[in-house]
Amino acid sequence: MRILVIEDDRETADYVATGLAEEGHIVARSANGEEGLYTAAAENFDLLIIDRMLPGLDGLALVKTLRGAGNQTPVLFLTALGGIDDRVSGLNAGGDDYLVKPFAFSELAARVAALGRRPAASAAPTQLRVADLELDLLSRTVRRAGVAIELQPREFRLLEYLMRHEGQVVTRTMLLENVWDFHFDPRTNVVETHVSRLRGKIDKGFAPELIHTVRGAGYCLRVPF
């Protein structure tokens, strides 16, 4: 398996990487959270072994960012935090397994083997593109024709949903449920207002227009025929 070890303690990283290499695995290493995030996002790994306490970006935030971007690579947390709440928070963040330091390498190897036997999840893209419009889920940036576009968090989520449903008509109810997490009608024009603002940022000054109103149905992001 191709395994990325994200661990800032050199002694622990050497111990884990050497043992895994002797087991026949291909091992890459990162020494901090930010480097680990971009390495995990840029390359294909079969497993990520991540320390909870990392400089720059802690392990929980790292995994939440990867999961939010659609990266489903299995994650084994290594940590000195062994309380029940700590384990629960690690699993809720998107971890698949949790091993408390200090640990025996034989147990680590067994957990790695168990995770390796799980069916591989299909990798989801971390970038979305429609025509010259690009959305990066990791850096949370949007560009059109190479020009950076500043979006508010809700506008970003709205655009992401529209791009994931490119060419499909999405209704007001669908947007309320999936972008605002409303499961009732708030009886406001919040959807219409945000779509209008988003259209002004995404389409104004660019061609062709990508966000279209489908009268009586909803909205659709597509390249006109």
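Everything numeric here is computed off the predicted structure, so don't read it as measured data.
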Inset, instruction - Decide whether V75 and L91 are clustered together by the hydrophobic rule: side chain heavy atoms of Ile, Leu, Val, Met, Phe, Trp, Tyr closer than 4.5 Å, transitively. - result: no
Inset, instruction - Indicate yes or no: at least one non-hydrogen side-chain atom of L176 is less than 4.5 angstrom from one of V190. - result: yes
Inset, instruction - Determine the minimum heavy-atom distance between R52 and S89, stating which atoms define it. - result: NH1-OG, 3.5 Å
Legend entry - L4 versus G36, closest heavy-atom pair with distance: CD2-O, 3.9 Å
Legend entry - Q72 vs R67 side-chain heavy atoms within contact, under 4.5 Å: yes
Inset, instruction - Assess whether side chain to side chain contact (heavy atoms under 4.5 Å, CB included) is satisfied between L108 and L78, documenting all intermediate values. - result: CA-CA 9 Å; L108 173 66; L78 297 181; 4.3 Å; yes
Legend entry - Side-chain heavy-atom pair F45, N71 within 4.5 angstrom cut-off: no
Inset, instruction - Specify the closest pair of heavy atoms between V112 and M1, including all atoms of both residues, with the distance to one decimal. - result: CG1-CE, 3.8 Å
Legend entry - Under-4.0 Å salt bridge between R144 and D132: yes
Inset, instruction - Answer with yes or no whether the hydrophobic clustering places I3 together with F103; edges join I, L, V, M, F, W, Y residues whose side-chain heavy atoms lie under 4.5 Å apart. - result: yes
Legend entry - salt_bridge(R143, D136) N-O dist < 4.0 Å: no
Legend entry - Heavy-atom side-chain contact between R164 and L128 under 4.5 Å: yes
Inset, instruction - Measure the spacing between CG of L210 and CG of D203 and express it to the nearest 0.5 Å. - result: 5.0 Å
Legend entry - Cationic N near anionic O, under 4.0 Å, R29 to D14: yes
Inset, instruction - Measure the CZ-CG distance between R154 and L159 for me, rounded to the nearest 0.5 Å. - result: 14.0 Å
Inset, instruction - Give, for atom CG of L62 and atom CD of E34, the distance between the pair rounded to the nearest 0.5 Å. - result: 9.5 Å
Inset, instruction - Ignoring hydrogens and angles, tell me if any N or O in the side chain of D8 forms a donor-acceptor pair with the backbone of N32 under 3.5 Å. - result: no
Inset, instruction - State, to 0.1 Å, how close V223 and P208 come at their nearest heavy-atom pair, and which atoms those are. - result: CG1-CG, 4.4 Å
Inset, instruction - List, by chain and number, the other hydrophobic cluster members for V214, where Ile, Leu, Val, Met, Phe, Trp and Tyr join if side-chain heavy atoms come within less than 4.5 Å, directly or indirectly. - result: V169
Legend entry - Residue pair L135 / V142, side-chain heavy-atom distance below 4.5 Å: yes
Inset, instruction - Measure across F77 and G90 and return the closest heavy-atom pair with its distance rounded to 0.1 Å. - result: CE1-O, 3.2 Å
Inset, instruction - Determine the interplanar angle of the F105 and Y15 rings, folded into 0 to 90°, and report it as parallel if under 30°, tilted if 30 to 60°, perpendicular if over 60°. - result: perpendicular
Legend entry - Atom pair CG (L158) and CD (Q152), whose distance is rounded to the nearest 0.5 Å: 12.5 Å
Inset, instruction - Show your reasoning for whether side chain to side chain contact (heavy atoms under 4.5 Å, CB included) applies to L221 and I202. - result: CA-CA 11 Å; L221 190 146; I202 296 301; 5.7 Å; no
Legend entry - Value rounded to 0.5 Å, distance of CH2 in W180 from OG1 in T188: 8.5 Å
Legend entry - Exceeds 12 heavy-atom contacts within 6.0 angstrom, atom CE of M53: no
Inset, instruction - Evaluate the criterion side chain to side chain contact (heavy atoms under 4.5 Å, CB included) for residue pair H25 and D46; output intermediate values, then yes/no. - result: CA-CA 10 Å; H25 301 293; D46 301 302; over 6 Å; no
Inset, instruction - Evaluate the side-chain proximity of I149 to L151: yes if any heavy-atom separation is below 4.5 Å, no if none is. - result: yes
Inset, instruction - Begin from the C-alpha positions of V170 and L175 and carry the test side chain to side chain contact (heavy atoms under 4.5 Å, CB included) through to its verdict. - result: CA-CA 7 Å; V170 296; L175 293 175; 4.1 Å; yes
Legend entry - Sub-4.5 Å side-chain heavy-atom contact between E192 and Y219: yes
Inset, instruction - With the side chain counted from C-beta on, respond yes when I49 and L99 share a heavy-atom pair under 4.5 Å apart, and no when they do not. - result: no
Inset, instruction - Please name the pair of heavy atoms, one in R129 and one in E134, separated by the smallest distance, quoted to 0.1 Å. - result: NH2-OE2, 2.6 Å
Inset, instruction - Rounded to the nearest 0.5 Å, what's the gap from CG on L162 to CZ on R199? Could you check? - result: 9.5 Å
Inset, instruction - Evaluate the criterion salt bridge (Lys or Arg N to Asp or Glu O under 4.0 Å) for residue pair R117 and D96; output intermediate values, then yes/no. - result: CA-CA 13 Å; R117 288 193 294 269; D96 297 275; over 6 Å; no
Inset, instruction - State whether R197 and E155 are salt-bridged, where the test is any N-O pair (Lys NZ or Arg NE/NH1/NH2 against Asp/Glu carboxylate O) under 4.0 Å. - result: no
Legend entry - Test applied, side chain to side chain donor-acceptor pair (under 3.5 Å); reference residue, K101; option that passes from D9, D51, T12: D51
Legend entry - Note: K201-E150 ion pair, threshold 4.0 Å (strictly below): no
